2 protein chains.
Amino acid sequence: MEPTILDVAEKAGVSPSTVSRVINETAPVAEATKKKVTDAIESLGYRTNKFAHALRKQSSNVFGIIVPDISNPFFSTLIRGAEDRFHEGGLSTMICDTKGEPKKEIRNIEMLVKERVDGVVATSAESAGNGINRLFEEEIPVVAVDRSPTSNEITTVLADNEGSGKKATGHLLEKGCRRIGFVRGPSGVSTAHERFTGYVNALEERELHADDDLITQGDFTFSSGKRALERLREKNRNSGPPDGLVVANDLMAVGVIRKAEELNVKVPGDLAVVGFDDILLSKLINPTLTTVSAPTYRMGATAAGLLLNEVESNRMGRADRGKRVVFATELVERESSQLGGG
Amino acid sequence: MEPTILDVAEKAGVSPSTVSRVINETAPVAEATKKKVTDAIESLGYRTNKFAHALRKQSSNVFGIIVPDISNPFFSTLIRGAEDRFHEGGLSTMICDTKGEPKKEIRNIEMLVKERVDGVVATSAESAGNGINRLFEEEIPVVAVDRSPTSNEITTVLADNEGSGKKATGHLLEKGCRRIGFVRGPSGVSTAHERFTGYVNALEERELHADDDLITQGDFTFSSGKRALERLREKNRNSGPPDGLVVANDLMAVGVIRKAEELNVKVPGDLAVVGFDDILLSKLINPTLTTVSAPTYRMGATAAGLLLNEVESNRMGRADRGKRVVFATELVERESSQLGGG
DNA sequence: TTATGTTATGAAAAGGTTTTCATAACTGGT
DNA sequence: ACCAGTTATGAAAACCTTTTCATAACATAA
């Protein structure tokens, strides 16, 4: 039914080998024959059979992209960056959403292994026992993005999270905040930890130091943000509540703002808030949220690019791994941090 | 390197055919030989080669899922439903995000064709020239979900959008609204149109009728919601503004609420608002948004199930297409529609 | 006992590429 | 005019399964 390379060869009056050479430009072919072949391909509507191609080349030309949550705009932008880069090269992609569940991550990785993808761009879901090792076992090249993997053999693309933490904290200091608290993210996530480090460093540079009572932890969800503010106000009933809060991601920051409203704490006014990621929601809530944004699209594209390099290197027999690219971030100033008209 | 079925055969002292029969349970095999084979498979760590399998069977065991926006929680839930169903059967999935751009939809579909997927679950991005026809040409089975395709040959899974429109409108009427407006969605999208029809019918059942001045159109985005409210208040400067608004999706409804705030119109109080989809955001904003939700996860799972049936039928030589499943929807009452304490 | 059907297995073909190995026809240099 | 090196092509092998066709052994029915 579907024409094969043999049909093309016959129609063009050449051998299948020659047709293959024309298609893949893998050896010189006389101009005249080339024309005969392309004509035959055209008229038959021939397309190379993916399965046969993959079998012979032992390569699927498919790449995997793993993220913990596709509905998080941060990750969907990352995906878009990576996807565009892959599609540019005529490569296909499989997107995997682990929903942050290790079980689902494993299942997804098993799928990618079964599909014999040529490589994977991964935002490994959890620190503990991440399935990336599995890909290593199978000798499938991996590039990590946004979060640091445990192994440093793995090429990694990151945002400057520590710098982000510094920027956010510095911003609040400039706005005149004196008691600045921090809502940390889940303990296993490098991103969250580095942001916290930035906060600590920003304070220390000014010879202040982080008061333990002003620090609490959430798990990146909206409701954990609400609980965080509750706890912080409880803890500081005597010493005086924080007047500024750096929150490890936007979603929790929105939770903080909602809870502040319930408690009749004015944001901004009584409390300035800064988040991270610049998700869509941050522009939509009231007050709009000051946040630190990373060049997500470019991070995705870069990760894909590095992965392709790595695959290419592997084919050439060289092995270059363990590169590290860090992107600068940017403070996006909005209403939630405009203290006292200043 | 990687062991083949031949290695297994040799180790077990049988022919490759027998090994294949053991693996696929495609013909009776003596208990003793079966054991020898499974032992050999185990000890060699054999896994069947996907490429060879696909080539021989002319089937990838991969299914496509097309949505206009993966970061929209409505669609990501739909995806999860479909994906879970596919994974259950050991099938793989490729998720495509068209970003609502026809160009991207075409590129994605081209990719699915190239990958020779066994079938596609699609929320066709636009009404006009949707790429689904392309899949038809390639004889790739398709099931449409959430939006009606142009062809009625195609099995479709829908929410009862007209019913939703009715419920939303009826709810506002019960709350005492007298001048109820409607913000329509993009003209090509069946979902949006049906919701509008529900609105009209709800009014007519009560022998009211929809005032043209109370109707305007948006494009499903946040900012188009803001503009919509502006236009409606402009239009009705003399006749009096609407006291209730049914908005074709939640994102626009949030835009309406934000704009109302800017204009000092109280929601609820001066204006009651109802949206559709029950996206995460609807619970997070202030006031929380009353909305109509559909069983999104089940819709995705059902679509995948029907697709699998259809593929199976095709293999058996029968052709059953054009089924139609409609899911009931549910009103989720929140703050935005609680008029005057009543 | 002979014919018929079922169970259990192997040999070989088929699925559609890419690539190695050969060969032939040229090219350019001496 | 001869040799070396390209250039241009074809034949055939290899990639790894699944499946058809055969064959043999065995059971059941007449």
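Residue numbers start from 1 in every chain, and the chains themselves are labelled A, B, ... in the order their sequence lines are given, proteins ahead of strands. What you see is a predicted model, and the numbers here were worked out from it, not measured in a lab.
Evaluation of the ring pair (Phe, Tyr, Trp, His ring centres under 6.0 Å) rule for F74(A) yields no partner, not counting sequence neighbours. With sequence neighbours left out, R80(B) forms a salt bridge (Lys or Arg N to Asp or Glu O under 4.0 Å) with no residue at all. Checked against salt bridge (Lys or Arg N to Asp or Glu O under 4.0 Å), E2(A) has the following partners two or more places apart in sequence or in another chain: R47(A), R116(B).
For the residue pair N24(B) / S20(B), a side-chain donor-acceptor distance below 3.5 Å is found, with atom types taken as modelled.
The pair R321(B)-E310(B) does not count as a salt bridge, with every side-chain nitrogen at least 4.0 angstrom from each carboxylate oxygen.
Residues S60(B) and K50(A) fail the side-chain proximity criterion, which asks for heavy atoms closer than 4.5 Å.
The residue T4(B) sits close only to the backbone: its heavy atoms come under 4.0 Å of sugar-phosphate atoms, none of a base. Here S17(A) lies in heavy-atom contact (under 4.0 Å) with a base.
Atom CZ in R56(A) sits about 16 Å away from atom P in dT17(D), given to the nearest Å. Distance CD1 (I5(A)) to P (dA12(D)): 17 Å, rounded to an integer number of Å. Here dT17(D) presents its P atom at 15 Å from CZ of R21(B), a figure rounded to the nearest Å.
Between I23(A) and Q58(B), the residue whose closest nucleotide on DNA chain C is further toward the 5' end is Q58(B). Nearest-nucleotide positions on DNA chain C for T18(A) and E2(A) put E2(A) closer to the 5' end.
Residue K323(A) places its NZ atom among more than 12 non-hydrogen atoms of other residues, nucleotides or ligands, all under 6.0 Å distant.
Judged purely by atom type and a 3.5 angstrom limit, S76(B) has no side-chain atom pairing as donor or acceptor with the backbone of S71(B). In terms of modelled atom types and a separation under 3.5 Å, the side chain of T123(A) and the main chain of R147(A) share no donor-acceptor contact. Under a 3.5 Å cut-off, the side chain of D7(B) and the backbone N or O of T4(B) do form a donor-acceptor pair. The main-chain N or O of L91(B) is found under 3.5 Å from a side-chain atom of H87(B) such that the two form a donor-acceptor pair.
A heavy atom closer than 4.0 Å to some atom of DNA chain D occurs in no member of residues 35-54 of chain A.
Read 5' to 3', the first and last nucleotides of DNA chain C with an atom closer than 4.0 Å to a heavy atom of chain B are dA8(C) to dG16(C).
In the helix from dT1(C)-dA30(D) to dT30(C)-dA1(D), the rotation axis of the first five pairs and that of the last five pairs differ in direction by 40°, rounded to 10 degrees.
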